[in-house]
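In this text the structure is predicted, and so the values were computed from the model without any measurement. Only this structure's heavy atoms are used, side chains among them; waters, hydrogens and symmetry mates stay out. Order of the sequence lines fixes the chain letters, A, B, ..., with proteins taken first and strands second; residue numbering starts at 1 for each chain.
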Amino acid sequence: MPLIADVVFDAPVAHPFSYVVPQDWRLATGQRVIAPLKGAARAGVVVALRDGDGARLKPLARLLDRVPLLDATARALVEWIAADTLSGLGATYLALLPPPVPSDAVPAVATRATADAVTPRLLVGAGRETRLLERVGDAPAALVLAPDIDGAARWAQRLARFGGVVRLDSGVSDGDRAGGWAAVASGASRLAVGTRSALLAPLPPGGMIAVVDEQEAAHKPPGRPRVHARDVTLERAAREGLAALFTAATPSAELWQRTVDGRARLDQPPRGAWPATTLADPRGIARREALTPPLARAVRETLAAGRRVFLAVSRLHAVLGCDECGHVVRCARCAIALAYAPAARTLACRLCDQAEALPSTCPQCTGRRLGPFGWSAERVEQGVRRRFPRTRIARYDPEAARGRRADTQRADAAAADIVIGTRGALRLFGPGSLGLAAFVSPDQLLGMPDFRAAERGFALMWAAAERVRGDGALVVQSRNPTHYAIEAVTKQDLDGFYARELRFRSELGYPPFRRLAVLGVTARAGADGRAGAAALAEALRADHALTVYPPAAGRRRRGWHVVVKGDDDLPRRLGPALAEYGASLAARGIMVEAEVDPVEWLS
DNA sequence: AGCACGCCGACT
DNA sequence: GTCGGCGTGCTC
């Protein structure tokens with residue numbers, strides 16, 4: 001009887017495909033192979049080997065890995081990841097393996113230990129990165145996961161002093177990544193740095209996985225497979241008895257809750273230097289002026305002292321509104337407010353890109369007093385230039401970056417005394433490098449229709465505060481200065497913020513107390529997506545452990561979406577149900593795509 | 001996913 | 001008359 005290999009691919013087909021293994025091959029479960037699939041030679045992963053009838057089967061084409069890179073422990077973890085994220089097994093495997101090596105460098109499989117569980121640690125506060133470095137230096141081996149390639153590069157540099165650091169992220173060549181994987185597997189390298197694609201890199205017993213900047217959404221970037229570095233790290237560390245470490249200025253509510261219920265340990269130093277906060281109420285003043293008198297004064301004083309100012313804006317676009325009836329001009333097709341650029345006098349939809357003529361009267365009340373609403377970067381810049389005509393001012397935001405080289409924009413911002421920018425501009429400033437950080441209109445941020453709005457607003461304000469010198473200032477212009485996120489930043493009080501935030505999450509049944517999934521429903525031509533989404537929602541309601549919300553029209557993503565709330569077993573309940581109803585819906589031209597634990601989703 | 005097989009518009 | 005558009009369907 002010939003040997004048959006069951007192979008999974010990165011394809012939306014759940015089941016494996018079977019092939020005959022050529023006689024002279026040495027093949028093991030977990031190895032990558034090239035196999036013919038619908039005419040194409042595609043990479044897949046062997047998930048099972050068995051004796052069987054190969055009469056109707058095609059043979060495997062060639063080996064991609066000379067030896068399997070994952071042992072049974074790692075394969076079990078991959079199966080857990082795929083099940084927990086409702087991702088395809090093949091897509092999950094292929095995303096978490098290093099690039100294949102064409103050379104003869106044969107990485108050995110490290111024997112993964114299963115030791116006693118170690119309580120994960122969360123490092124917050126000043127000096128958290130130094131504390132992490134010390135622990136990494138002491139560990140027998142460590143894997144450091146950054147949210148993005150830039151972060152991985154920075155950490156590789158920081159760790160260089162311990163010697164023998166390899167990088168496993170796509171910021172280095174495929175050969176270096178594969179070689180790095182082999183070096184940690186064989187023990188030749190003690191330290192590895194990467195992004196979430198390195199989550200399965202082999203580690204010896206007593207090893208450590210560190211996730212830096214844990215709160216960053218980039219730890220779960222959009223796109224398949226939808227895997228969060230934090231969640232996989234916690235699961236892997238528990239399974240293999242590894243030490244798990246996390247650093248964050250402002251951790252996710254999910255991780256903080258673990259420190260509350262004892263599933264993680266909090267490592268927080270005593271409070272240190274912190275900027276003095278001024279709260280300014282913009283009501284009545286800020287319709288025409290971006291800066292309230294207290295903020296204008298703070299800017300003037302900071303400039304006089306020869307220090308730098310960062311003005312954080314929360315939105316890129318102003319909208320056009322009526323002074324008389326309050327009506328906001330919206331896109332007829334997409335129903336969202338049109339973006340208004342006062343200087344260019346243009347009005348355009350950010351979703352469908354449709355440009356509209358500037359109306360001279362209000363479409364609702366025919367009033368003549370139409371003007372800009374909301375402090376976009378452009379409007380703030382105009383106001384600040386008028387006020388501080390002789391100061392070097394730069395904008396740093398995606399809108400200003402359009403058509404400009406990244407390095408020129410960065411150089412301009414580095415030379416400026418006042419930088420106006422969005423969240424991304426924080427990268428320009430090191431800890432304690434600012435004299436003043438100010439939030440022109442954070443109410444926009446805190447009032448977003450997203451249950452994570454407070455967490456995100458808090459994270460941004462805290463990150464800005466950390467970049468201000470201890471004797472510097474923080475100004476927050478808010479109509480709602482008693483908001484707990486603002487109060488917590490003012491008082492440098494992480495505990496206070498999470499106490500309030502977790503109470504809110506608990507009362508409304510949001511993560512981390514319940515889990516969420518968003519089911520995207522799209523219809524092929526001629527199929528009724530709305531009816532399909534409604535049928536899906538109805539079918540899922542049969543499971544009373546699930547809270548199924550009525551289908552809503554998708555915005556950025558076309559089609560419809562159905563939000564489902566459940567407990568820890570959400571994917572285990574949703575998976576089989578989707579497999580069942582998904583098939584019958586697919587026959588009617590309706591496609592369903594699931595995202596478990598969404599990081600960025602309005603709700 | 002990716003690739004072929006299908007049936008309708010602008011070219012050698 | 002073909003080349004190719006991408007809508008639809010299937011993959012060991």
Side-chain angles (χ1 to χ4, degrees), chain A residues 1-25 27-65 68 75 78-79 81-83 85-100 170 174 196-197 220-227 518-533 554 557-560 575 578-596:
Chain A
M1 263 204 176
L3 188 61
I4 309 294
D6 291 328
V7 179
V8 289
F9 297 90
D10 181 5
V13 268
H15 62 273
F17 292 81
S18 305
Y19 297 86
V20 174
V21 181
Q23 287 281 325
D24 54 338
W25 282 26
L27 187 64
T29 312
Q31 235 163 315
R32 278 176 296 189
V33 292
I34 298 287
L37 184 67
K38 190 63 199 262
R42 298 190 53 190
V45 178
V46 177
V47 292
L49 288 164
R50 57 193 166 83
D51 290 318
D53 174 16
R56 287 217 176 97
L57 304 179
K58 294 181 182 172
L60 293 171
R62 63 183 176 88
L63 285 173
L64 254 191
D65 300 322
R75 294 199 307 270
V78 173
E79 285 178 15
I81 296 168
T85 61
L86 298 179
S87 306
L89 189 56
T92 309
Y93 266 116
L94 292 167
L96 297 177
L97 283 167
S170 51
D174 282 4
R196 76 186 175 134
S197 62
K220 190 191 186 198
R224 296 168 326 107
R226 308 189 141 111
V227 173
V518 180
L519 309 178
V521 178
T522 45
R524 277 211 288 262
D528 186 347
R530 182 186 173 59
R557 6 174 60 212
R558 286 186 299 279
W560 297 81
L578 285 178
E580 192 180 326
Y581 299 111
S584 73
L585 286 171
R588 290 158 49 189
I590 308 285
M591 268 94 59
V592 182
E593 194 184 33
E595 162 131 31
V596 183

> Between A/Y93 and A/D10 (side chain of the first, backbone of the second, donor and acceptor by atom type, cut-off under 3.5 Å), is there such a pair?
no
> Could I get the full list of salt bridge (charged side-chain N to carboxylate O under 4.0 Å, His left out) partners for A/R50, not counting sequence neighbours?
A/D6
> Would you jot down, in residue-number order, the residues of residues 27-36 of chain A having a non-hydrogen atom under 4.0 Å from DNA chain B?
none
> Please identify each residue that fulfils ring pair (Phe, Tyr, Trp, His ring centres under 6.0 Å) with A/F9, with sequence neighbours left out.
A/F17
> Near DNA chain B, which residues from residues 2-22 of chain A have a heavy atom under 4.0 Å away?
A/D10, A/A11, A/P12
> Restricting to side-chain contact (heavy atoms from CB on, under 4.5 Å), what partner residues turn up for A/D53, sequence neighbours left out?
A/A55
> Tell me, please, which residues at least two apart from A/R42 pass salt bridge (charged side-chain N to carboxylate O under 4.0 Å, His left out).
none
> Ignoring hydrogens, what is the shortest heavy-atom contact between A/T29 and A/A48? Give both atom names and the distance.
CG2-N, 4.1 Å
> What residues form a side-chain hydrogen bond (donor to acceptor under 3.5 Å, both in side chains) with A/R32, not counting sequence neighbours?
A/D65
> Give the minimum heavy-atom separation between A/P221 and A/R196, together with the two atoms involved.
CD-NE, 3.3 Å
> Please give me the minimum heavy-atom distance between A/G529 and A/V521, naming the atom from each residue.
O-CG1, 4.0 Å
> How would you list, by chain and number, every residue that makes a side-chain contact (heavy atoms from CB on, under 4.5 Å) with A/D24, sequence neighbours excluded?
A/P22
> Please name the residue in the list A/V78, A/V45, A/T92, A/V46 that meets the side-chain contact (heavy atoms from CB on, under 4.5 Å) test with A/V8.
A/V45
> The criterion is side-chain contact (heavy atoms from CB on, under 4.5 Å); which residues satisfy it with A/A586, sequence neighbours excluded?
none
> Taking any atom under 4.0 angstrom from a heavy atom of chain A, which nucleotides of DNA chain C are the first and last to qualify, 5' to 3'?
C/dT8 to C/dC12
> Going 5' to 3' along DNA chain B, between which two nucleotides do contacts with chain A fall, using a heavy-atom cut-off of 4.0 Å?
B/dA1 to B/dC3
> Does any residue of residues 38-50 of chain A have a heavy atom under 4.0 Å from DNA chain C, and if so, which ones, in number order?
A/K38
